[in-house]
Amino acid sequence: MLCLTLTGSTLEENRALVEQNRTWISLAELRLDHLNRDEQKIASSFPSTVDLPIILTFRRKSDGGLCTLGEKERLQTLYETAKGDYAYVDIEEDVKKSDLKFRDSMFEQKVDLERMLRERGVRIIRSLHDFTCVPADIYGRISKLASKGDIPKVAVTPKSMIDIISLFRVQAELSDIKDKIIIGMGDFGICARLLYKKCGSMLTFCSDTQAAPGHLSARTMSELYHADKVDEKTHVFGIIGNPVYHTASPRIHNPGFEAIHYNAIYVPFLVDSVRAFFKLAEMLQIHGFSVTVPHKRNVQPYLGRITREVKQIGACNTVTRIQNMWKGTNTDYYGFLSPIADEIAQENIRTALVIGAGGASRAVVWALHNHGIKVTILNRSLEKARQLAEETMSSFDSLENCNLYSNSFDLVVQTTSVGMAPDTDEDPVPSFVFTGDEIVYELVYQPKETPFFKRATEAGCRVIGGAEMLLEQGKLQFEAFSGYHYPHWIQPDI
Ligand code: ATR
């Protein structure tokens, strides 16, 4: 179930949020601490005005909420509001039983909130928050929270891949606790939010406003990832990197899986340790994954088989499971070649100037070299250009001399990060003059038109943008992952 966290300051605002997100969510959490004081007083009526189950929560500041009332007043307000038709009420782990008894003019004796809720069939969520780590005794604490038949909720902060493994192990350790809520907050936790069912969590929270660190919108969770449709048979794929959330790959693979009705999900994993990730990959039976910076080299010791291109380039961007071992391939190599394959076959490209000598450049230079194209590499650091040129029998020079190379090449490829957002005004070779006859390839895809791209277009060159290569390499990965061609009838939003 996807649960929308309601953070409006009025009930009316929250009803509108429910309305906007209704197609994607199964329940919502009313956060009393986000309501203004007058609205808090009438919030008991909220569940009867919407058509889905509501969790009632009144979060203290120390647990990531906004409530600054004294504890007595907070619990009194929670008690009054809980008289409404709520399906669940959230009570923090450390609230004492004695603090949940209230005087009420309607009754002679003090009312026990927990008893009142249980008698009415309202489930109590016992919640534990930790914004600093995943506590070492997490399994014991979840068991304790569940001991009275309540739903344990742990929202903790993984700080590494090892912590993520602890979260995904909850299900194996505590499979007898059927109803539980497991949340990984912050950047590392996003994979656990998307794969909440694999952690054994009955639901996960979402919001448009990042009500908690790492929240995704309900629409993204449901329409892009189909996180609520994950089941035992779902094949898990993903991308590992650090950073990783800028990547467009989930927007290529998830819609592709959906279009061919393949029960699979593709998730970004923020990875600090490749070794730990391979452990997680075994635990979750991950079928394959993409690899981005800085792990394209780091994965290699864990691969049972690699292709010739991976060996040459020294980088692997695709890992698949083949008969109990991991196989590494490099689809950047073929993705780069795809838009110029016809020109190469027709021998319209015999010489190429490659700007840059980093990771992306290595795939480009090797792909061109292996097709008999004479390459010249220009790079800011001459030493890096020299190394790559020696490996691939290419020529090389410093980027400063770029004006000397105008009018000499069939293909010019820009592989540096210059011009990429946020520094979108920059051109790595401002003094290079295009004749208009070159085929120009700009690997940067954000923005789509860099200053280099625009200059080449204005000079009359045929210009290929980085989005084309990105999509082509993604389609090849999709084939390696699923065994099916990428559906030709969809256009991913990258
Ligand atoms: P990637 O994997 O994206 O290729 P990389 O391996 O870090 O990333 O390589 C970045 C490339 O962009 C290198 O060629 C780098 O030049 P240096 O080897 O001299 O560092 C180039 N680059 C980055 N910033 C640059 C800048 N401001 N001017 C010129 N080249 C730059």
Side-chain angles (χ1 to χ4, degrees), residues 1-7 14 25-35 43-44 46-47 50 52-60 62-67 71 74-75 77-97 99-100 102 112-131 135 138-157 167 170-171 174 176-185 189 192-193 196-197 199-207 211-212 214-215 228:
M1 295 189 289
L2 297 182
C3 178
L4 182 71
T5 303
L6 299 173
T7 53
N14 286 325
I25 57 173
S26 304
L27 70 170
E29 177 192 40
L30 182 73
R31 286 283 297 270
L32 267 187
D33 49 302
H34 281 254
L35 290 178
S44 62
F46 185 72
V50 288
L52 78 182
I54 301 291
I55 301 174
L56 174 64
T57 300
F58 198 8
R59 202 57 87 223
R60 299 175 294 213
S62 55
D63 290 324
L66 300 179
C67 178
E71 188 60 353
R74 180 181 79 98
L75 293 174
T77 309
L78 184 74
Y79 165 70
E80 295 298 339
T81 315
K83 290 177 182 171
D85 198 10
Y86 287 92
Y88 306 85
V89 173
D90 183 305
I91 301 173
E92 292 78 4
E93 176 198 34
D94 60 345
V95 175
K96 291 197 203 84
K97 213 171 168 32
D99 291 337
L100 291 171
F102 301 90
D112 179 334
L113 175 60
E114 288 178 293
R115 209 163 120 195
M116 175 186 100
L117 294 173
R118 288 192 187 113
E119 278 171 7
R120 283 175 35 215
V122 179
R123 298 291 309 271
I124 297 171
I125 296 173
R126 274 285 179 174
S127 62
L128 151 68
H129 293 81
D130 195 318
F131 289 87
I138 184 170
Y139 308 128
R141 286 175 79 175
I142 296 172
S143 295
K144 203 166 156 214
L145 293 176
S147 61
K148 288 191 203 122
D150 297 339
I151 300 172
K153 171 185 170 182
V154 292
V156 293
T157 309
L167 283 189
V170 167
Q171 181 56 356
L174 302 171
D176 51 321
I177 304 173
K178 207 171 140 285
D179 291 339
K180 53 188 175 299
I181 303 173
I182 313 296
I183 307 291
M185 295 189 288
R193 287 188 187 275
Y196 69 96
K197 291 195 178 180
C199 299
S201 187
M202 61 188 275
L203 59 84
T204 198
F205 295 90
C206 30
S207 67
H215 267 195
D228 46 338

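Everything numeric here is computed off the predicted structure, so don't read it as measured data.
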Check: Of all heavy-atom pairs between Ala43 and Tyr86, which one has the smallest distance, and what is that distance?
Finding: O-OH, 2.6 Å
Notebook entry, point to check: Do Arg31 and Thr57 have side chains that get closer than 4.5 Å, going by heavy atoms?
Noted result: yes
Check: Can you name the closest pair of heavy atoms from Met185 and Thr157 and give their distance?
Finding: CE-OG1, 3.7 Å
Margin query: Give me the atom names and distance for the closest heavy-atom approach of Arg193 to Ile183.
Written below: NH1-CG2, 3.5 Å
Notebook entry, point to check: Below 4.5 Å, heavy atoms only, C-beta onward: do His129 and Arg60 meet side chain to side chain?
Noted result: no
Note to self: When you compare the side chain of Val156 with that of Pro135, does any pair of heavy atoms fall below 4.5 Å?
What the structure shows: yes
Next item on the list: Indicate yes or no: at least one non-hydrogen side-chain atom of Asp228 is less than 4.5 angstrom from one of Ser26.
Entry: no
Checklist line | Gap separating the CG atom of Leu174 from the CD1 atom of Ile142, nearest 0.5 angstrom | finding: 5.5 Å
Note to self: Could you tell me if the side chain of Glu71 sits less than 4.5 Å from the side chain of Glu92, heavy atoms only?
What the structure shows: no
Notebook entry, point to check: Taking atom CG of Leu32 and atom CG of Leu66, what is their separation to the nearest 0.5 Å?
Noted result: 11.5 Å
Checklist line | Full working for salt bridge (Lys or Arg N to Asp or Glu O under 4.0 Å) between Lys144 and Glu93 | finding: CA-CA 10 Å; Lys144 203 166 156 214; Glu93 176 198 34; over 6 Å; no
Note to self: Tell me if the CZ atom of Arg115 is crowded by more than 12 foreign heavy atoms within 6.0 Å.
What the structure shows: no
Margin query: Quick one, Met116 and Tyr79 - any side-chain contact, counting heavy atoms below 4.5 Å?
Written below: yes
Note to self: Between Tyr196 and Met1 (side chain of the first, backbone of the second, donor and acceptor by atom type, cut-off under 3.5 Å), is there such a pair?
What the structure shows: yes
Check: Do the side chains of Thr81 and Phe58 get nearer than 4.5 Å, heavy atoms only?
Finding: no
Margin query: Is it true that Ser207 and His215 share a donor-acceptor pair across their side chains at a distance under 3.5 Å?
Written below: yes
Notebook entry, point to check: Can Arg141 and Asp130 be counted as an ion pair, charged N to O under 4.0 angstrom?
Noted result: no
Next item on the list: Tell me, please, whether Phe205 has Lys153 positioned over its six-membered ring: NZ or CZ under 6.0 Å from the ring centre and within 45 degrees of its axis?
Entry: yes
Check: How many angstroms lie between CG in Asp179 and CG in Asp150, if you round to the nearest 0.5 Å?
Finding: 11.0 Å
Item checked: Donor-acceptor side-chain pairing of Lys197 and Gln171 below 3.5 angstrom -> no
Notebook entry, point to check: Hey, is Asp90 close enough to Arg59 for a salt bridge, meaning N to O under 4.0 Å?
Noted result: yes
Checklist line | Close side-chain approach of Leu78 to Leu56, heavy-atom, < 4.5 Å | finding: yes
Note to self: Here's a test for you: under side chain to side chain contact (heavy atoms under 4.5 Å, CB included), which of Ile54, Val122, Ile125 qualifies with Val89?
What the structure shows: Val122
